[in-house]
Amino acid sequence: MDTIIIDNIKDFNLQQTLECGQCFRWDMVKENSYNGVVLNKAVNATLNNGALTITGCCHSHKDFWLDYFDLKADYGKIRHDLSLIHPTLKEAATYAPGIRILNQDKWEALCSFIISQNNNIPRIKGIISRLCGEFGNKISDNAYTFPTPQELKNVTIDDLQPLRSGFRAKYIVDAVEKVNSGEVCLDRITTLPLPEAREQLIKIKGVGVKVADCTLLYGMHRLECFPIDVWMRRAMEVLFPNVAPEDFGQYAGIAQQYIFHYSRMNPTLFEEK
DNA sequence: ACCCAGGAAATTC
DNA sequence: GAATTTCATGGG
């Protein structure tokens, strides 16, 4: 089993990155150590003293993991620049300085955030886990790949019943159909200007602006995207009353993740006075 | 029993 | 058109 070590990493914490709501396929096995499935690899990631060790990553390159965890970017500098924009953003960024925006698979991000709507994180993880178990490929004892659109070709709502995803099943079916037919081309959307990229994604039933923005930010690394859900709406009203998302600039998506995580960890900020 | 959950579609006003 | 209801399912 192959191992990759990346050392000298700053501004990185696995718990903050993997449990901030951007991904659903990593589980803590102990402090600073997580098991997850990325593409077709079941891996463990462990971070100690700025050194990240990834095991189980056969046939993959170190460069892939630098990209996946966004380790090439200088988050210290980004956090510094964001902190100048607003004092509360500085507070949120300082609260979890180890968050990084992952480079996840586009299709997995799209599907995962379709499932996320009007749902809670533990159940989202359960539905995705069952989706992979039913339709993905078994790659180790308890690990399955995320099924590709090709592998889900011609899937029906009835086929998806074991997921217990409720009304979202028909949205998954529509996403599979539109991606397979080429009506929606995820590779092309990646580099499209934001309004057109959103417009394309929203052609899929069950995809609105929020799910589209999550797909763009977490699956296509469009860091200027600022997904607004119920938490972010409240956070903007209460913590940033006179600020527009555009004010956060080219790294608005990173700002959003700092604010989202900070808000979820401090729900009392939003209790009625 | 009731309420809510990283929303969006359907319906009503 | 804007505001409200509904949509499955599970947990607190």
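Below, read A as the first sequence line, B as the second, and so on, with proteins coming before strands; counting in each chain starts at 1.
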| field | CA sep, side-chain torsions, deciding dist, call: A:Thr46, A:Asn44, side-chain hydrogen bond (donor to acceptor under 3.5 Å, both in side chains) | value | CA-CA 7 Å; A:Thr46 298; A:Asn44 172 269; 2.7 Å; yes
| query | Does the side-chain hydrogen bond (donor to acceptor under 3.5 Å, both in side chains) test come out yes or no for A:Thr156 and A:Asp159, once each step is laid out? | reply | CA-CA 5 Å; A:Thr156 66; A:Asp159 297 334; 3.0 Å; yes
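One can place CD1 of A:Ile127 at 16 Å from P of B:dA5, the figure rounded to the nearest angstrom. Across the protein-nucleic acid pair, A:Phe24 atom CZ and B:dG6 atom P stand 9 Å apart, rounded to whole Å. Remark: C1' of C:dA8 and CD1 of A:Ile157 are 12 Å apart, rounded to the nearest angstrom. One interatomic measurement links the two molecules: CZ of A:Phe167 to P of B:dA9, which rounds to 11 Å at whole-angstrom precision. At whole-Å resolution of the value, CZ in A:Arg164 and P in C:dC7 are 21 Å apart. Look at CG on A:Asn118: it is 12 Å from C1' on C:dT5, rounded to the nearest Å. Taking atom CD of A:Gln161 as the reference point, atom P of C:dT9 lies 6 Å away to the nearest angstrom. Between the CZ atom of A:Arg198 and the P atom of B:dG7 there is a distance of 17 Å, given to the nearest Å.
Out of C:dA8, B:dG6, C:dT9, the shortest distance to the side chain of A:Arg264 is found at B:dG6. Which of B:dA8, C:dG10, B:dG6 sits closest to the side chain of A:Arg123 comes down to C:dG10. Of the candidates B:dG6, C:dA8, B:dA8, the closest approach to any side-chain atom of A:Val211 belongs to B:dA8.
Among the protein residues, A:Tyr171 comes within range of the sugar-phosphate backbone only, with heavy atoms under 4.0 Å from sugar or phosphate atoms but none that close to a base. Using a 4.0 Å heavy-atom distance criterion, A:Pro227 is classed as a base contact. Within the 4.0 angstrom heavy-atom criterion, base atoms lie near A:Cys20. Using a 4.0 Å heavy-atom distance criterion, A:Gly21 is classed as a base contact.
A salt bridge links A:Lys72 with A:Asp63: the distance from a Lys NZ or Arg NE/NH1/NH2 to an Asp or Glu carboxylate oxygen falls below 4.0 Å.
Residue A:Gln117 has no polar side-chain atom (N or O) positioned under 4.0 Å from OP1 or OP2 of C:dT6. The shortest distance between the side-chain N/O atoms of A:Arg168 and the OP1/OP2 oxygens of C:dC7 is not below 4.0 Å.
Ring to ring, A:Tyr258 and A:Phe248 are not that close: their centroids are 6.0 angstrom or more apart. If you look at A:Tyr251 and A:Tyr75, their ring centroids are not closer than 6.0 Å.
Comparing A:Val207 and A:Gln22 along DNA chain B, the residue whose closest nucleotide (by nearest heavy atom) sits nearer the 5' end is A:Gln22.
In this structure, A:Trp65 and A:Tyr68 have perpendicular ring planes: the angle between them is above 60°, well past the 30° mark.
Residue ring and base: A:Phe260 counts as stacked with B:dG6 (centre distance below 5.5 Å, interplanar angle below 30°).
Straight-line distance between the P atoms of B:dT11 and C:dA8: roughly 12 Å, to the nearest whole Å. A distance of about 22 Å separates the P atoms of B:dG6 and C:dT5, rounded to the whole Å.
Put simply, the side chain of A:Tyr218 and the base of B:dG6 share a donor and an acceptor less than 3.5 Å apart.
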